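Please read the structure below before turning to the comments.
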Amino acid sequence: MGRIARRGGGERMDPVVIIGGGPAGLTAAWELDRLGRSSVVYEKDALVGGIARTDQYAGFRFDIGGHRFFTKVQIVEDLWHEILGDELLVRPRMSRIFYNGIFFDYPLKPMNALLGLGIIEAARCGLSFAKAQVLPIRNERTFDQWVTNRFGRRLFEIFFETYTEKVWGIPCSEIGADWAAQRIKNLNLVEAVRTAVFGQRTGRGEVITSLIEQFHYPRLGPGQMWESARDQLAERGVPTTLHTEVVGLHHDGARIVSVTLRGPDGERTVPTPEVISSMPLRQLVGALDPPPPQDVLDAGERLRYRDFLTVVLIVDQPDLFPDNWIYIHSPEVKLGRIQNFKNWSPDMVPDPGKTALGLEYFVNIGDALWAMADEDLIALGTAECAQLGLVPAEHVSDGCVVRMPKAYPVYDQGYKDALATLQGWLGRIENLQLIGRNGQHRYNNQDHSMLTAIYAARNVAADGTYELWSVNVDEEYHEEVATDGSHARGATGDRAIPARVGAPAIEALVAEAYARYDAVALGASIGIVSGAVVFLLTVVPLLQGAVVPGMLLDRLSMYLPFYSVTWGGAFAGGVVGGGFGFGFGVVLAGLINRFTRWHGLSMLRRLEHARALDPEAMIP
């Protein structure tokens, strides 16, 4: 992208103040510089990159959580290449779930999951999925309800519940369903099976974000991207000041006029024509001078965050496992996820004979893990890896700990109302632009943060009219995106967060009461149950050695082609039985839908007749 000559003549303008040197803040500075507008970035930490930084210890480089570089927004991808060039690698993805001493492929591979769970557990999961398809939870309000409807309760308990509660520290029944819809997208059990058989795209060519098989990654970790951006900006006269926190934003009710900074040399106040902020919303509201109304301050305090720490273990082994990262679903340990940085990029480790692992613990500031001494955390991580059978304790030679506060904004049951209050009041300050994950309290990806920053810079320097709260990159993973980064029609604003709706019309209530059955889902459910029953009825006597000629099961061969009371016949009978069950389910759904449609229309006619006779009787 070419640079625009700086505006000359007239009064010299003070630089735009950018709060935060993470992906959003540095992207805003980059775009402002391209548009010819000066800025200065203030970062309170010693490193740039925010949660996408790269730390170092004894020559080993490591992320604060793994950061894939993937996007469908061309201006973001172009910017990555502009900043880093050939240092941006293409890396293969491999990730698995570790549960009950077994590795499960992620994304799901049906045979791998079947073998890992065992026949009995797989049958329980199939029955649970069938129940969820036939009798779904009608009003999805919580995370557990959303996942159960798409995977079944048993798969939710195995593959979602423990890990999710480790990450967020609250029960799944208290996490809103909107978070599940945003993070898991339209990935479900049927889609995962289809992906395993037919590849990674749906019929419309959509890419399921969770199933991407490769990604870009800087050779020396994500921090290399933002360190390079900082250095290139500095060469062009755009400074990044580290160890400097913005502690005050002074306004006249309509504009921010100055900011107070706290750094190694104490506090100072600087004037500013514009502010682009990626600092946490709760912290920003508390720094406003004069303070906003009490309800706004209260809304800021209602926003919650999840904090994070990484225990880095240096292991005296060249190869431990092939994964980039592993999700630890085992409930007996506190460990949530393991990163193998050597598999992200070989240059992350200085010695090819060693491995650096990042053990991720999801915490809250002040709890026992956060307050634990570094040496105790290293001992805990070593013990848990040994307990899981992943790393022998005697091979761990060194380690360190990095703590990251406010890593994730929490989507609890009250955050939407609080966020709406803050948006409404802060929207009155015309020269304040809010960007990034914490700046908007939105659990988004790196490319989303960057796009909000690009648009904020254009609002400041090019008289843009971009509505930053309507930027929704994750939605665009399932939409067409123009090459200039503009949003396709249909892309929504707040990452599919549902709005409150009024009472539904009588017609809508009747339609919901007489909802149609999904023929494919019902067929699949009955097919799974039928196939499993035939398979289990045959396998049990085979395992017990109780097969005798002329037994009752032999008669199934009269109805199921290729069936016999053998191992091969059990598999063949399961497949054929499943096929018959699927066909029966499709036909049954059709008959039920015809009946319910007739009954629903009859009900509507009776309601319309009653409304015609007495309209007041139909007012709720």
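Residues: numbered from 1 along the sequence shown. Note that this is a predicted model, so its numbers are computed, not measured.
The backbone N or O of Ile51 sits less than 3.5 Å from a side-chain atom of His67, completing a donor-acceptor pair. Side-chain atoms of Thr310 never come within 3.5 Å of backbone atoms of Val312 as a donor-acceptor pair (strictly under, hydrogens ignored). Listed for the Arg282 side chain is a donor-acceptor partner under 3.5 Å among the backbone atoms of Leu303.
For Pro290, the side chain to side chain contact (heavy atoms under 4.5 Å, CB included) partners are His251, not counting sequence neighbours. A search for ring pair (Phe, Tyr, Trp, His ring centres under 6.0 Å) contacts involving Tyr408 returns Trp168, Tyr443, not counting sequence neighbours. By the side chain to side chain donor-acceptor pair (under 3.5 Å) test, Asp298 is found to be paired with Gln294, residues two or more places apart in sequence or in another chain being considered. With sequence neighbours excluded, the residues that form a side chain to side chain contact (heavy atoms under 4.5 Å, CB included) with Asn149 are Pro136, Ile137, Glu140. The side chain to side chain contact (heavy atoms under 4.5 Å, CB included) search around Glu174 returns Ile170, Pro171, not counting sequence neighbours.
Side-chain polar atoms of Asn324 and Tyr217 form no donor-acceptor pair below 3.5 angstrom. A donor-acceptor contact closer than 3.5 angstrom is absent between the side chains of Asp347 and Ser345. Side chains of Ser39 and Asp33: a donor-acceptor N/O pair is absent below 3.5 angstrom, by distance only. For the residue pair Glu274 and Gln433, no side-chain donor N or O sits within less than 3.5 Å of a side-chain acceptor on the partner.
The minimum heavy-atom distance between Gln339 and Gly66, with the atom names listed, is NE2-N, 3.1 Å. Taking all atoms of both residues into account, the shortest heavy-atom contact from Met372 to Arg403 is O-NH2, 2.7 Å. The minimum heavy-atom distance linking Ser277 with Leu432 is given by the pair CB-CD1, 4.3 Å. Residues Leu249 and Leu284 come closest through the heavy atom pair CD1-O, 4.2 Å. In terms of heavy-atom proximity, Pro23 sits nearest to Met450 at O-CG, 4.1 Å. Nearest heavy-atom pair, Gly221 versus Thr54, reported as atom, atom and distance to 0.1 Å: C-OG1, 3.4 Å.
In this structure, Tyr455 and Tyr466 have parallel ring planes: the angle between them is below the 30° cut-off, well short of the 60° mark.
If you take CZ on Arg302 and CG on Asp295, they are separated by 8.5 Å, rounding to the nearest 0.5 Å. Distance check: Ser95 OG to Asn340 CG gives 12.5 Å after rounding to the nearest 0.5 Å.
Separation of the Phe341 and Phe60 ring centroids does not fall under the 6.0 Å cut-off. No close placement of the Phe62 and Trp344 rings is indicated, their centers lying 6.0 Å or farther apart.
Enclosure of atom CG in Asp86 is not indicated, since only 12 or fewer non-hydrogen atoms of other residues, nucleotides or ligands lie within 6.0 angstrom.
Listed by first and then second residue, the ring pair (Phe, Tyr, Trp, His ring centres under 6.0 Å) pairs involving residues 266-311 are Tyr305-His441, Phe308-Phe362 (not counting sequence neighbours).
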Check against salt bridge (charged side-chain N to carboxylate O under 4.0 Å, His left out), Arg53 and Asp45
CA-CA 11 Å; Arg53 74 193 199 192; Asp45 287 334; 3.8 Å; yes

